[in-house]
Engineer: 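What follows is a single structure, and I will ask about it in a moment.
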Amino acid sequence: MTRELKLTAVPSPEGTATHCPYCAFQCGMALSWDDAGDCHIVGNPAFPVNRGALCVKGWTAAATLRHPERLTTPLVRDHSGKLRAASWDAALDRMVRAFRSVQQQYGNDAVGVFGGGSLTNEKSYLLGKFARVALRTANIDYNGRFCMSSAAAAGIRSFGIDRGLPFPVDDIAGAEAILLVGDNPAETMPPIMQYFDAQRASGGRLVVADPRLTPTAQRADLHLRLMPGTDAALVNGLLHILIRDGMVDTDYLAQRTEGFERVKASVTTYWPERVERITGVPEAELTRTAHLLGTAESVMILTGRGAEQQSQGVNNVSACINLALALGLVGRANSGYGCLTGQGNGQGGREHGQKADQLPGYRRIDDPAARRHVAGVWGVDEALIPGPGRSAYELLDSLGQDDGVRALLVMGSNVAVSAPHLNNVAERLGSLDFLAVADFFLSETAALADVVLPSAQWAEEEGTMTNLEGRVIRRRKACGPPDGVRDDISVICELARRLGAGSHFEYGNVEEVFDELRRASAGGPADYSGITYARIEDNDGVFWPCPDDGHPGTPRLFADGFPTASGRARMFPVRHEEPAETPDDEFPLYLTTGRNLSQYQSGSQTRRIAELAEISPAPLAELHPSTARRYGLSDGAAVRLITRRGQADFRLKVTRGIREDTVFVPFHWAGKQAANRLTNPALDPTSRMPEFKVCAVRIEGLETLDAIDQQTGTHSTTTTER
Ligand code: SF4
């Protein structure tokens, strides 16, 4: 298929200012079209976050708009099992019939909704309302559960609020010392490195804790190459040294925190020699790091998915928060704890009600006052709003089961690649009575659906996003979608109308959805009520909370107190617990997974972009030279990785940049090269985050290279049989 898609540009001589479709840095960019109809992207130097810089994913983002594989008509599976083009009426009718039939047979909760952390705030809000008001199901969750939930849960229990960075990103440049645990922004969001580079250029020090010598770790003053799954032990060990050496801020602890004595008692057993044994980080490096943090005037502790995507993810983040509080950092200039959010709207997407336990404004769905408030805004009886539903993996694991979800709507997510224990998820998806997917490509998940709806993309829609700083920004429409494509907002409203709830979904435009979101969030932890489209335009975004029209927004949190019952931050003792799976005779190595520079998440967009596929056409399994020698493997060899859940095949990259006991693979590919065929769905007991970052694995050489799929992985997804 090589047809050209027609784009209708919104005319503007300078181009239309909007934001990148990918990560949470949400780089400002301008889109313009030349006379030949080609779209050009430049970084927006006036946007104060990326200051004109983009990474290769941003530069090439326009390729998705006119991509020949773009879906431009609904698809409906026919009696022979093939997906065929259909009218919007036929597709939506089929969905409504299926949802009604399943709910009549099995109850309202048998229809589920699965959203995404890339959806705009307006879509996230409306999807949550659609699930509760139009479908009346408790079962809605989203792929952000796989991304930010551990940091979110730890932040809420200690600070009373969850905002990834509680300060603007340029505070990073002024920190005298930074400890970065389990993040690799030099590859995942390269433009942020301008702040880390400025920090180091002015004499600051950077310490990176990671099992791999990542491009970020290569720029650090000190790299702590810890064993996967030992983050809490490492950080407890640092706190042990700081307490031992009298370097904690006792005044701050007395005035602004509670729970320190219990934490202090809990870290007494994390003496350096023991921590070295658990983590593999030499005692001298632990002491050097602790003293660096203990003597600097301004210090940041930052975490990423490496520490968070574990069955101990909340504990790992809590250990980091304990460290930040013990040093008196939180609420001080160029200091504090923060997490670097992953997905484009990973922040806003977790605030407005597409989580199983949540109502808009980051309210709890089991809080009677929250239910009353939101029911009032929605104009429904609060008793009709369902209670908490299943978390993301638990929802997927219930598909097709007797008391589980029997019909599913997926919007903005590709769970057939991004979920853990993919073999199980594929089986569960296959056992559904009905699956509908809204996407702009025939993703691996869409290829399994009974109905596929072609969605408008980032540059074709209006809305707001909330970046990693909690700054609410405008996504502006730069062109119309191709003929036949509809935006998700209008699709949700039309589905609601056909389900008999249309009177609750009448909006003249997207801004009216945002205005309702503002009212629904009023008084909640993530209060957007004072934020308007006009104020966002005038101020390069507005930081929440912003509780009224005259409020300037809140770039920095916690200067005067914490939104907890006592006004103090809460500290929780953390014990190092082993990962759910550790190496043994049968599976003797650790497996850890992550991202690379030129691909994004499940790769559904980026694997289809030629320039990006050229940079990384296929995933490489990284192995240390001495380990490779032990297995008789050389660089470029074909290997099979095997865990208790499945196997996947890769080419080998032999590198000294990884621990001898660990294999790393990126997770952007599908089919035989899907890293998530291997990963462990063991869940954190609080956040319900799966353990993507550590499990036990065996490596075997493959006799022939034919076993490796040399393609990008995209083409293996066109199968339409269910
Ligand atoms: Fe910026 Fe992230 Fe887009 Fe790269 S992927 S251009 S860092 S928003």
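Whatever order the structure lists them in is the order used to number ligands and atoms, beginning at 1. This structure is a prediction, so every number in the text was calculated from the model and none was measured.
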Engineer: Taking NZ, NE, NH1 and NH2 as the nitrogens, is one of them in Arg595 or Glu187 under 4.0 Å from a carboxylate oxygen of the other?
Structural biologist: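 A salt bridge is absent here (no side-chain N lies under 4.0 Å from a carboxylate O).
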Engineer: Could you tell me the residue and atom name of the protein heavy atom closest to atom 4 (Fe) of ligand 1, and the distance to it rounded to 0.1 Å?
Structural biologist: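 That would be Cys55 SG, 2.3 Å.
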Engineer: At less than 4.0 angstrom from any non-hydrogen atom of Lys57, what atoms of ligand 1 do you find?
Structural biologist: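 Those qualifying, in numeric order: 5 (S).
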Engineer: May I ask you to list the atoms of ligand 1 that are less than 4.0 angstrom from any heavy atom of Tyr22?
Structural biologist: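 Checking each atom against Tyr22, I get 5 (S).
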Engineer: At what distance is the nearest protein heavy atom to atom 3 (Fe) of ligand 1, and which residue and atom is it?
Structural biologist: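 The closest heavy atom on the protein side is Cys20 SG, 2.3 Å.
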Engineer: Should you measure from each heavy atom of Gln26, which atoms of ligand 1 turn up under 4.0 Å away?
Structural biologist: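 Atoms satisfying the 4.0 Å criterion: 8 (S).
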Engineer: To check your reading of the model: name the closest protein heavy atom to atom 1 (Fe) of ligand 1, its residue, and the distance in Å.
Structural biologist: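 For atom 1 (Fe) of ligand 1, the nearest protein heavy atom comes out as Cys27 SG, 2.3 Å.
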Engineer: Show the nearest heavy-atom pair for residues Ile536 and Val472, with the distance to one decimal.
Structural biologist: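 That would be CG2-O, 3.5 Å.
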Engineer: Just need the protein heavy atom nearest to atom 7 (S) of ligand 1, so name the residue and atom and give the distance.
Structural biologist: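 Answer for atom 7 (S) of ligand 1: Pro191 CD, 3.3 Å.
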Engineer: Does only the side chain of His19 get under 4.0 Å from ligand 1, or the backbone, or both, or neither? Count heavy atoms.
Structural biologist: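 His19 to ligand 1: no contact under 4.0 Å from either part.
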Engineer: Taking Glu462 as the fixed residue, which of Lys477, Arg474, Arg475 is the one that meets the salt bridge (charged side-chain N to carboxylate O under 4.0 Å, His left out) rule?
Structural biologist: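 Considering Lys477, Arg474, Arg475, a salt bridge (charged side-chain N to carboxylate O under 4.0 Å, His left out) with Glu462 is found only for Arg474.
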Engineer: So do the side chains of Met29 and Val42 get within less than 4.5 Å of each other, counting heavy atoms only?
Structural biologist: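 No. Closest side-chain heavy atoms not under 4.5 Å.
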Engineer: If the test is salt bridge (charged side-chain N to carboxylate O under 4.0 Å, His left out), which one of Lys123, Arg486, Arg476 qualifies with Glu461?
Structural biologist: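 Answer to the salt bridge (charged side-chain N to carboxylate O under 4.0 Å, His left out) test with Glu461 among Lys123, Arg486, Arg476: Lys123.
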Engineer: Decide, yes or no, whether a salt bridge links Asp210 with Arg225 under the criterion of side-chain N to carboxylate O below 4.0 Å.
Structural biologist: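 A salt bridge is absent here (no side-chain N lies under 4.0 Å from a carboxylate O).
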Engineer: Let me check your reading of the structure: within less than 2.8 Å of atom 3 (Fe) of ligand 1, is there an N/O/S atom from Cys23?
Structural biologist: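 Cys23 does not place any N, O or S atom closer than 2.8 Å to atom 3 (Fe) of ligand 1.
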Engineer: I need the atoms of ligand 1 closer than 4.0 Å to a non-hydrogen atom of Met189, numbered in the order shown.
Structural biologist: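 With Met189 as reference, the close atoms of ligand 1 come out as 7 (S).
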Engineer: Quick one: does Thr466's side chain have a donor or acceptor within less than 3.5 Å of a partner on Arg471's backbone?
Structural biologist: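 No: the side chain of Thr466 does not pair with the backbone of Arg471.
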Engineer: Is Lys693 salt-bridged to Glu308, going by a charged N under 4.0 Å from an acidic O?
Structural biologist: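 Result for this pair is no, no salt bridge flagged.
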Engineer: At a 4.0 Å threshold, what atoms of ligand 1 neighbour a non-hydrogen atom of Gly58?
Structural biologist: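 By the 4.0 Å cutoff, the relevant atoms are 6 (S).
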